[in-house]
Amino acid sequence: MSEGVRTTNEVAWQQAWNDGEIFASSDDPSKPKFYCLEMYPYPSGKMHMGHVRNYSIGDAVARYKRMKGFNVLYPMGFDSFGMPAENAAIAEGGHPHDITEKNMASITEQIKRMGFSYDWERLVKSHDPNYYKWNQLFFTRFFKSGLAYREHAPVNWCEPCSTVLANEQVKAGRCWRCNGPVEQKDMSQWFIDITKYAQELLDGLDIINFPESVRLMQEDWLGRSEGVEIEFGIENSEDTIRVFTTRPDTLFGATFLTLAPEHPLAEKLVKGTEYESEWKAIYDKYANMSEFDRIKNLNKKEGVSLGCFAIHPLTQEKIPIWAGNFVLATYGTGAVMAVPGHDERDFEFAQKYGIAIKRVLVENEDDDPSDALEQAFTGNGYMVNSNKSGFDGKFGDEAKDAVASALESIGKGDRQINWKIRPWLISRQRYWGTPIPIIHCDECGAVPVPEDQLPVVLPRDVEFTGKGNPLETSESFLNTTCPTCGKPARRETDTMDTFVDSSWYFLRYTDAKNLEKWYDSQAADYWMNVDFYCGGIEHAQMHLIYARFYTKALRDLGFHSIDEPFNELLCQGMVNKSAPFCVSCSVTLPVSNAGLPCPQCSEPLTERSAKMSKSLGNTVSPEQMIEKFGADTVRLFILFAANPTAGMDWSDVAVEANHRVILQLQTMPLQLLEWNKPAHDIDAWMLARLRQRHQQWSDDMDRYDLRRAVECSHYDLVKDINWYVRRGGGRAEVGREVLELWTHMIAIATPHLAEDWWSQLGGEGLLAAHILEEYAPVSEEDQALLDGETLLRDLLEQARKVRTVAERHIDGEATSLTIVTSAPWRYEMASMALNHLAEGNNIKAFMGILTKSELTQGEFRGERLGFWNKRLLPQVFKWDDEKKRILLSPLEETVVYANACAFIAEELGLESVQVVQGESQEDDTQKSGVAMPLSPAFIYA
RNA sequence: AUCGAGGUGGCUGAGGUGGUCAAAGGCGCCGGGCUUAAGAUCCGGUCCCAGAUGGGUUCGAGGGUUCAAAUCCCUCCCUCGAUACCA
């Protein structure tokens with residue numbers, strides 16, 4: 001290593017940032033704010049590559065915005081309540097609190113070692129009573145406003161986790177965390193009514209910048225459907241059955257009604273009849289079946305007749321009432337009108353039980369209404385067979401509307417909107433979460449803990465046996481007095497879902513040190529909403545929907561005035577690494593199988609990239625990588641390997657390559673600061689290039705295209721500088737200017753290296769605190785300079801290619817070169833054609849224009865028209881946009897080359913180089929016919 | 001099964017209003033020059049066959065439209081993600 005080149009001491013810079021409190025942020029309404037956030041992690045013991053990627057992206061954005069003069073809030077915290085710590089306590093002894101604190105300490109250290117620019121002062125920990133106190137306060141406010149309530153209802157129970165789960169946490173009938181089966185249990189539980197905000201949550205999706213996939217997932221989850229609730233009378237009964245349908249246009253095809261087995265009317269209708277035992281059987285079978293089993297039995301339609309009849313509201317026909325397993329008690333009214341002709345489920349059911357299938361829609365207007373249905377026709381169609389006037393022939397929305405209106409006019413139907421989303425079940429029968437601040441009193445019922453008695457702190461005197469809720473083992477916690485009547489009472493032992501914690505932590509960050517209040521509403525209004533939120537897509541419908549809901553609910557209670565928490569969401573891709581893969585078994589195997597045949601089929605294995613996981617053993621430890629290459633290398637690699645949203649493959653070779661780049665970059669300040677050459681024409685080019693690079697880089701950063709930004713700052717600029725030097729540049733002033741701006745540009749990915757540069761430059765203070773001045777955009781003169789060098793580089797490449805050929809002809813080494821540029825009329829013809837195309841015209845029409853043009857009159861007509869057809873026409877399509885722009889610009893190729901003759905001669909090792917314009921007076925070469933615009937003829941001698 | 005997103009050369013990544021597209025750029029790799037040396041830099045190569053500007057086969061597979069398709073249309077396959085009878 002040459003003298004003066006510094007090896008970056010990353011830890012020292014981290015210390016300096018810390019000592020200088022560079023990243024501490026304060027409210028400052030005079031500056032534009034930027035809130036950059038990553039999803040706060042659960043503190044498992046180690047940082048993994050997914051974290052590193054996530055935070056490398058966020059940190060780059062935060063540093064960029066800070067540099068551009070924004071007042072940046074970039075906080076970090078821990079989602080530190082949750083089951084893993086409690087499970088660890090059960091399995092290994094210890095206390096969840098201690099386990100959590102220990103894990104947090106170690107992961108914090110690792111995160112800090114990466115040099116991320118967090119404001120650690122604002123650290124938020126979910127398990128801190130100063131945080132969860134406000135969970136409790138919000139809950140009591142929700143309770144008072146009716147948004148939170150307790151209800152005895154069937155809920156999802158996960159036995160392995162021994163707690164209930166929210167709907168969102170049941171994935172394919174299994175627990176999102178442990179993948180255990182989920183059963184239905186009737187329990188008294190706490191809910192927050194997110195459904196009140198369903199419409200607003202849906203509407204908000206249009207104004208925020210979420211990835212399309214997330215938007216769709218949330219839309220699906222909210223599940224808005226418009227339809228009609230229809231009332232059916234029951235024969236010989238005062239009762240009625242209401243059903244919800246989105247397809248009122250098929251009402252005339254309803255040949256039976258189906259109730260969920262749990263529907264209250266079902267029991268009533270069969271009570272004491274011969275049908276009771278059959279109904280009871282199906283009720284017992286399905287009412288408590290786990291969701292997982294139910295899904296397994298999907299498509300096995302099963303039902304029983306209830307032995308009575310409903311009255312069709314429009315035709316007064318008698319239609320039988322059934323109970324069926326495929327009707328959900330919790331959606332709509334728990335009852336459906338069955339239209340086997342136009343619904344697949346009803347069709348299957350009707351076929352199985354021999355119920356009539358009636359056609360009431362035809363696909364095409366002139367189709368035969370009496371055609372039998374081979375299968376359900378579920379699309380929109382033209383109404384037929386209604387036997388009433390005013391319906392047949394109507395299609396789609398018009399048909400739905402006609403039926404809905406008819407029902408409304410006789411008071412038998414109401415237009416309604418139904419949602420799939422259910423109230424959020426927040427009770428958990430576990431210890432390690434926020435205690436729900438409720439006291440149960442025999443006299444007064446469920447009473448919220450008064451706000452001045454909050455927080456209700458988690459007690460330490462509990463036993464972690466793995467059975468039941470540990471809170472129930474704490475007598476000191478359980479026994480209390482009723483805040484209303486003062487009599488002995490019991491505390492609620494359920495704790496809150498950890499997603500409650502993460503539903504407002506971003507608000508707490510805006511005023512995290514406040515011990516008196518949840519947060520100051522002005523602070524929240526100043527910082528919110530989050531401008532850039534980066535995290536994994538796995539939270540698309542849990543966290544990201546709860547957080548949006550909480551923001552709205554808290555707004556309505558006057559805590560702030562923000563509608564949406566997150567403006568821009570970026571879901572970063574996964575970090576993968578190759579693992580053995582068997583093509584014929586289509587299975588990925590642990591890395592221990594590398595080099596061995598497939599254990600199942602004995603075929604040789606190939607490699608395939610797969611998500612890093614412990615089970616495959618294809619993980620890479622961030623700690624080891626930092627140890628070996630430093631944080632800057634890891635960050636650079638991660639940002640450069642792929643777009644933030646794309647999956648990326650970990651590659652050891654590529655990491656090393658990036659490390660070499662870092663080593664090379666370490667030498668740059670020394671090199672640039674030693675420049676002492678005199679002024680040169682190329683100086684202006686270098687500065688123009690610098691402006692261009694800065695502009696590209698800023699544009700890329702503004703679009704969060706970090707890969708391209710890093711390519712620009714860490715790769716392209718190096719090449720530019722090499723070219724500058726090669727062209728004879730090396731002026732001290734230029735070196736300084738380049739280095740100053742460039743230092744800022746490299747700081748977003750490699751901040752430690754940048755600080756080294758800054759100190760070598762003698763920059764004031766720490767670079768991380770330095771705001772980049774407005775930088776001039778690329779001017780027209782700049783563009784001309786840039787274009788000129790582009791031409792020159794192309795020329796050299798072409799000249800080299802021709803040379804080897806030429807030297808065989810002249811039978812020896814060339815010593816001189818004559819460059820013959822195109823004749824002026826060729827340029828003119830090219831620009832005419834390009835303009836013609838740019839105006840959106842057809843190229844075929846150009847011939848007509850050409851024949852009338854002055855260019856093709858007189859003695860040259862044949863030659864020039866031939867040139868167009870044979871040479872220029874195909875070439876017109878070959879030029880890329882840049883070349884087209886150059887051709888249309890005033891820049892003269894001949895002048896560019898002529899000014900660079902000495903350089904060309906030097907580059908090619910020639911004694912002399914001349915440039916002549918084709919067909920000019922100086923041109924005695926006879927070679928101008930070969931020359932094309934931007935592609936001159938070369939004559940070596 | 002349904003609904004999204006997507007499949008481009010070792011990787012990354014442009015292009016996608018049909019025409020110089022064998023497909024930009026970058027990375028990696030290979031060869032060479034320069035060097036005491038180098039991670040620096042420069043030149044060349046990197047689908048196959050040629051080697052004085054040529055030929056062949058390519059943009060998941062197959063078919064179609066066209067003078068012309070990576071680009072348009074159809075079918076299929078694969079990958080990833082979401083959903084799980086929502087009436």
*Rounded to the nearest 0.5 Å, how far does NZ of A/K420 lie from CG of A/L222?*
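Reported value, rounded in 0.5 Å steps: 9.5 Å.
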_Once rounded to the nearest 0.5 Å, what's the spacing between atom CE of A/M574 and atom NZ of A/K611?_
5.5 Å
Tell me what [X] touches on the nucleic acid: a base, only sugar-phosphate, or nothing, going by heavy atoms under 4.0 Å.
{"X": "A/V214", "result": "nothing"}
{"X": "A/T245", "result": "sugar-phosphate"}
{"X": "A/A641", "result": "sugar-phosphate"}
{"X": "A/D220", "result": "nothing"}
{"X": "A/N418", "result": "nothing"}
{"X": "A/R422", "result": "base"}

Scan every strand shown for a Watson-Crick or G-U wobble partner of [N], both distances under 3.5 Å, and answer none if you come up empty.
{"N": "B/rU58", "value": "none"}
{"N": "B/rG28", "value": "B/rU46"}
{"N": "B/rU20", "value": "none"}
{"N": "B/rA1", "value": "B/rU83"}
{"N": "B/rG6", "value": "B/rC78"}

Euclidean distance for [atom1], [N] against [M] (whole angstrom):
{"N": "B/rA61", "M": "B/rU53", "atom1": "C1'", "answer": "36 Å"}
{"N": "B/rG51", "M": "B/rU17", "atom1": "C1'", "answer": "39 Å"}
{"N": "B/rG60", "M": "B/rU8", "atom1": "C1'", "answer": "10 Å"}
{"N": "B/rA82", "M": "B/rG63", "atom1": "C1'", "answer": "32 Å"}
{"N": "B/rA5", "M": "B/rG19", "atom1": "C1'", "answer": "30 Å"}
{"N": "B/rA22", "M": "B/rG56", "atom1": "P", "answer": "12 Å"}
{"N": "B/rU58", "M": "B/rG9", "atom1": "P", "answer": "14 Å"}
{"N": "B/rG7", "M": "B/rG15", "atom1": "P", "answer": "12 Å"}

[X] side-chain proximity, nearest of [options]:
{"X": "A/A642", "options": "B/rU12, B/rA87, B/rG81", "value": "B/rU12"}
{"X": "A/F326", "options": "B/rG4, B/rC86, B/rC85", "value": "B/rC85"}
{"X": "A/S225", "options": "B/rG13, B/rC85, B/rA87", "value": "B/rA87"}
{"X": "A/V718", "options": "B/rG81, B/rA84, B/rU41", "value": "B/rU41"}
{"X": "A/F244", "options": "B/rU41, B/rA87, B/rG13", "value": "B/rA87"}
{"X": "A/T246", "options": "B/rC86, B/rC43, B/rA87", "value": "B/rA87"}
{"X": "A/L328", "options": "B/rG13, B/rC42, B/rA87", "value": "B/rA87"}

Between [X] and [N], does any side-chain N or O lie under 4.0 Å from OP1 or OP2?
{"X": "A/N643", "N": "B/rU12", "answer": "no"}
{"X": "A/Q664", "N": "B/rA38", "answer": "no"}
{"X": "A/R726", "N": "B/rC43", "answer": "yes"}

In whole Å, what is the span from the [atom1] atom of [X] to the [atom2] atom of [N]?
{"X": "A/L222", "N": "B/rU83", "atom1": "CG", "atom2": "P", "value": "13 Å"}
{"X": "A/F938", "N": "B/rU53", "atom1": "CZ", "atom2": "P", "value": "18 Å"}
{"X": "A/D343", "N": "B/rC85", "atom1": "CG", "atom2": "P", "value": "13 Å"}
{"X": "A/M337", "N": "B/rC86", "atom1": "CE", "atom2": "C1'", "value": "15 Å"}
{"X": "A/L636", "N": "B/rU12", "atom1": "CG", "atom2": "P", "value": "17 Å"}
{"X": "A/N576", "N": "B/rC11", "atom1": "CG", "atom2": "C1'", "value": "13 Å"}
{"X": "A/M542", "N": "B/rA82", "atom1": "CE", "atom2": "P", "value": "10 Å"}

*Under 6.0 Å from the six-membered ring centre of A/F349 and within 45° of its axis: does the NZ or CZ of A/K301 meet both?*
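Negative - A/K301 is either too far from the ring of A/F349 or too far off its axis.
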*Should the pair A/R727 and A/F903 be classed as cation-pi, given the thresholds of under 6.0 Å to the six-membered ring centre and 45° from the axis?*
yes
_salt bridge (Lys or Arg N to Asp or Glu O under 4.0 Å), that's the test. Do A/D249 and A/K400 meet it? Break it down for me._
CA-CA 4 Å; A/D249 55 327; A/K400 291 174 191 169; 5.1 Å; no
*Mind telling me whether A/F377 and A/H342 have parallel, tilted or perpendicular rings, with 30° and 60° as the class edges?*
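Aromatic pair A/H342/A/F377 classed perpendicular.
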*Can you sort out the partners of A/R793 under salt bridge (charged side-chain N to carboxylate O under 4.0 Å, His left out), two or more places apart, ordered by chain and number?*
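By the salt bridge (charged side-chain N to carboxylate O under 4.0 Å, His left out) rule, A/R793 matches no residue at all.
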*Which residue, A/Y331 or A/M217, contacts RNA chain B at a nucleotide closer to its 5' end, judged by nearest heavy atom?*
A/M217
*Select from A/G334 and A/I537 the residue whose nearest nucleotide in RNA chain B is closer to the 5' end of that strand.*
A/I537
*Are A/W419 and A/Y331 an aromatic pair by the rule of ring centers under 6.0 Å?*
no
*Taking the six-membered ring where the residue is Trp, are the ring centres of A/Y715 and A/F640 under 6.0 Å apart?*
yes
Which atom pairs link the protein and nucleotides 24-30 of chain B when you take only N or O atoms and keep those under 3.5 Å?
unit_1 : atom_1 : unit_2 : atom_2 : d
B/rG25 : N2     : A/R707 : NH2    : 3.0
B/rG26 : O4'    : A/E711 : OE2    : 3.1
B/rC27 : OP1    : A/K719 : NZ     : 2.9

_Residue from A/R708, A/H714, A/R707 passing side-chain hydrogen bond (donor to acceptor under 3.5 Å, both in side chains) with A/E711_ = A/R707
*asked:* Please determine whether salt bridge (Lys or Arg N to Asp or Glu O under 4.0 Å) holds for the pair A/R224 and A/E219, giving the CA-CA distance in whole Å, both sets of side-chain angles, and the decisive distance to 0.1 Å.
replied: CA-CA 8 Å; A/R224 183 186 207 268; A/E219 249 178 53; over 6 Å; no
